[in-house]
Undergrad: 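Before we start, here is the structure in question, set down as structure tokens.
No experiment lies behind these values; they were computed from the predicted model shown. Reckoned from all heavy atoms, side chains included, excluding hydrogens, waters and symmetry mates.
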Amino acid sequence: MTGFDLTALLAERGDERYDLHARHLNHQLPRMLHTIGFDKVYDRAEGAYFWDRDGRDYLDMLAGFGVMGLGRHHPVVRKALHDVLDAGLADLTRFDCQPLPGLLAEKLLGHAPHLDRVFFGNSGTEAVETALKFARYATGKPRIVYCTHAFHGLTTGSLSVNGEDGFRDGFAPLLPDTAIELGDLAALEREVKRGDVAGFVVEPIQGKGVHPTPPGFLRAAQELLHRHKALLIADEVQTGLGRTGDFFAYQHEDGVEPDLVCVAKALSGGYVPVGATLGKDWIFKKVYSSMDRVLVHSASFGANAQAMAAGLAVLTVMEDEETVAHARHTGELLRSRLAALVEQYELLHDVRGRGLMIGIEFGRPKSLVLRSRWTMLQAARKGLFAQMVVVPLLQRHRILTQVSGDHLEVIKLIPPLIIGEREVDRFVEAFTAVMDDAHGGGGLMWDFGRTLVKQALQTH
């Protein structure tokens, strides 16, 4: 028997966490966390909350970038993982057909009845890579159209359809794909008329800035693409599985039936990485056209038993607990209460989104004093005011949030889908207090802003 003891190891060396990261992993992560005061030590988590070693609770409005759809450590998902480990299955033999992948595929496709088959990988970026490859092969065309400011992953293929230069810089050459503005149907038409477009990949709600596609755009894009024998690819990695108040976000618009749909994040239950690409039968049959091509696209850890068990447990919980309807109701409550504050605070410009995917946007105020402070921040680096809001939400009110993208004055809320009125009350009260501080002169808040300005100037 090995002497490995995980509990003892964490007890002995857990306090080294930030030093270990600084020495052996991405050294900028601890540096960034120390700078903004996010260098907390969380001892445990459950549902929508963390607790530090002093027993203080923190409300999670980030959900691990959307991974924790059911919150942390859901008992049904935990039990499923214990059960699959205890079963001692002959997993990943690569030359058999285990039941769990088929069962999970069947259950997923039940929520997208116009689709027929599923490929299981290990992440959202793999799900997108699969869709890009399948679209190119099935259509025989080389080019993908995507949207500016889109985020589809960071591996080379998905990076080629990433609409943010900050992620792309220094990694060229990428695939020769083409960006259009979200909602620009005329631009999409110009591209597909060239005859070499395999597909159009789009987030029904862009994560960066939380921008929904304009009403009618997805349906019109689908019709345009199909006329030119190109495919509609819906990236539902973050928006899928109930996040927006529908099981898939594209279902918000009648008549939209994407040819390929990418999911990941919440399907994992927060435990085992998993990605899935759902698609039409004819696409899969083109890719896997003969026995010689049976492994032409595969993944070593794809469809592993732990991931499949977690996914099955997640979908079962969502059905039993009516998670999608709950997210729709709670999201509307949160969004409406925040939207009511727009008239009250001149720094608050917009509240948008669907379900429990909400963007809070700040903008240039009218009053002279606030405008001068706002201008100071903008001159140093766009996005600093939103960071000024995120920090006191954590430091003073113990609520974890995020700025929705680099150089954006937008906070994105993507909490676990299980939050209720208590969490809505807590967030709205804390956010109101932070806004009161900002508009009332808020010495501490604006002092922190000046600190951020100095750091931004030093960085540049």
Side-chain angles (χ1 to χ4, degrees), residues 18 21-22 26-40 61-62 65 147-151 154 159 162-171 179 181-182 206-211 342 345-352 358-397 399-414 431 434-460:
Y18 286 95
H21 272 260
N26 180 350
H27 63 290
Q28 295 292 2
L29 176 62
R31 181 186 177 199
M32 180 270 288
L33 294 173
H34 291 318
T35 297
I36 64 174
F38 271 42
D39 49 349
K40 303 293 183 184
M61 297 293 283
L62 180 57
F65 298 141
C147 293
T148 55
H149 310 300
F151 186 95
L154 297 175
L159 186 61
N162 192 314
E164 177 55 50
D165 288 341
F167 289 109
R168 297 164 63 96
D169 289 347
F171 295 106
E181 291 293 326
L182 181 68
Q206 281 194 339
K208 184 178 174 65
V210 192
H211 292 289
V342 172
Y345 299 110
E346 58 181 296
L347 284 161
L348 180 58
H349 274 212
D350 190 27
V351 176
R352 56 179 174 267
I358 296 171
I360 304 171
E361 183 170 6
F362 307 100
R364 188 172 185 265
K366 295 179 180 178
S367 62
L368 182 60
V369 172
L370 289 176
R371 194 165 66 244
S372 65
R373 290 173 171 175
W374 173 268
T375 302
M376 171 194 70
L377 293 177
Q378 296 294 297
R381 194 175 197 275
K382 189 175 180 182
L384 287 183
F385 181 80
Q387 193 64 59
M388 280 174 53
V389 176
V390 163
V391 169
L393 281 173
L394 181 68
Q395 298 286 22
R396 300 182 205 170
H397 303 280
I399 298 175
L400 181 63
T401 59
Q402 68 167 129
V403 177
S404 77
D406 202 19
H407 300 286
L408 284 183
E409 297 290 4
V410 182
I411 292 175
K412 180 167 65 176
L413 305 181
I414 44 171
F431 182 75
V434 173
M435 287 289 95
D436 284 342
D437 189 22
H439 286 76
L444 289 176
M445 185 171 176
W446 289 103
D447 284 347
F448 176 71
R450 282 187 283 273
T451 300
L452 287 179
V453 168
K454 292 177 183 177
Q455 290 165 347
L457 292 174
Q458 289 170 358
T459 298
H460 291 295

Undergrad: Step by step, would you call Val434 with Met388 a side chain to side chain contact (heavy atoms under 4.5 Å, CB included)?
TA: CA-CA 9 Å; Val434 173; Met388 280 174 53; over 6 Å; no

Undergrad: Please find the pair of heavy atoms, one from Leu377 and one from Leu384, that lie closest to each other, and give the distance.
TA: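 Of all heavy-atom pairs spanning Leu377 and Leu384, the closest is O-CD1, 3.9 Å.
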
Undergrad: Would you name the heavy atoms of Cys147 and Gln206 that are closest together and state the gap between them?
TA: CB-NE2, 3.5 Å

Undergrad: Just jot down the ring-ring contact (aromatic ring centres under 6.0 Å, His included) partners of His21, sequence neighbours excluded, or say none.
TA: none

Undergrad: Quick one: are Gln402 and Ile414 in side-chain contact, heavy atoms under 4.5 Å?
TA: yes

Undergrad: In Å, rounded to the nearest 0.5 Å, how long is the span from CD1 of Ile411 to CD of Gln387?
TA: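 Rounded to the nearest 0.5 Å, the CD1-CD separation comes to 8.5 Å.
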
Undergrad: Give a yes or no on whether the backbone of Ala386 and the side-chain of Glu409 come within a donor-acceptor separation of less than 3.5 Å.
TA: yes

Undergrad: Please list, chain by chain and in numerical order, all residues satisfying salt bridge (Lys or Arg N to Asp or Glu O under 4.0 Å) with Asp406, sequence neighbours excluded.
TA: Arg381

Undergrad: Using the ring of each side chain (for Trp, its six-membered ring), is Phe385 parallel, tilted or perpendicular to Phe362, with breaks at 30° and 60°?
TA: perpendicular

Undergrad: Would you name the heavy atoms of Ser404 and Lys412 that are closest together and state the gap between them?
TA: CB-CB, 3.6 Å

Undergrad: Listed by chain and number, what are the salt bridge (Lys or Arg N to Asp or Glu O under 4.0 Å) partners of Glu164, not counting sequence neighbours?
TA: Lys208

Undergrad: What's the spacing between His349 NE2 and Ile360 CD1 if we round to 0.5 Å?
TA: 14.0 Å

Undergrad: Parallel, tilted or perpendicular: which one describes the rings of Tyr18 and His34, with boundaries at 30° and 60°?
TA: tilted

Undergrad: Mind running side chain to side chain contact (heavy atoms under 4.5 Å, CB included) on Lys40 and Leu400 for me, showing each step along the way?
TA: CA-CA 11 Å; Lys40 303 293 183 184; Leu400 181 63; over 6 Å; no

Undergrad: Quick one: are Leu29 and Met32 in side-chain contact, heavy atoms under 4.5 Å?
TA: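 They are in side-chain contact.
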
Undergrad: The criterion is ring-ring contact (aromatic ring centres under 6.0 Å, His included); which residues satisfy it with Phe171, sequence neighbours excluded?
TA: none

Undergrad: For the side chain of Arg352 and the backbone of Gly209, is there at least one donor-acceptor N/O pair under 3.5 Å apart?
TA: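 Confirmed, Arg352 side chain pairs with Gly209 backbone.
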
Undergrad: Could you please spell out the steps behind the side chain to side chain contact (heavy atoms under 4.5 Å, CB included) verdict for Ile358 and Val210?
TA: CA-CA 7 Å; Ile358 296 171; Val210 192; 5.8 Å; no

Undergrad: With rounding to the nearest 0.5 Å, note down the distance linking CZ in Arg364 to CZ in Arg371.
TA: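 Here the rounded value is 5.0 Å.
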
Undergrad: Start with the C-alpha distance between His439 and Leu347, add both sets of side-chain angles, then the distance that settles side chain to side chain contact (heavy atoms under 4.5 Å, CB included), and finish with yes or no.
TA: CA-CA 8 Å; His439 286 76; Leu347 284 161; 3.5 Å; yes

Undergrad: Find the distance between CG (Leu62) and OG1 (Thr401) and round it off to the nearest 0.5 Å.
TA: 8.0 Å

Undergrad: ring-ring contact (aromatic ring centres under 6.0 Å, His included) with Phe65: which residues, sequence neighbours excluded?
TA: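 ring-ring contact (aromatic ring centres under 6.0 Å, His included) list for Phe65, sorted by chain: empty.
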
Undergrad: Restricting to salt bridge (Lys or Arg N to Asp or Glu O under 4.0 Å), what partner residues turn up for Glu346, sequence neighbours left out?
TA: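 So Glu346 forms no salt bridge (Lys or Arg N to Asp or Glu O under 4.0 Å) with any residue.
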
Undergrad: Can you name the nearest heavy-atom pair linking Leu408 to Val403, along with the distance?
TA: O-CG1, 3.4 Å

Undergrad: Would the distance check show the side chain of Arg168 and the main-chain N or O of Leu159 forming a donor-acceptor pair, the cut-off being under 3.5 Å?
TA: yes

Undergrad: Are the side chains of Arg396 and Asp437 in touch, meaning some heavy atoms are under 4.5 Å apart?
TA: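 A side-chain contact exists here, since the closest heavy-atom pair is under 4.5 Å.
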
Undergrad: Identify the heavy atoms of Val410 and Gly359 that sit nearest to each other, and give their distance.
TA: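 For Val410 and Gly359, the tightest heavy-atom pair comes out as CG1-CA, 4.1 Å.
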
Undergrad: Distance check, rounded to the nearest 0.5 Å: Asn162 atom CG versus Thr148 atom OG1?
TA: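 OG1 of Thr148 is found 11.0 Å from CG of Asn162.
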
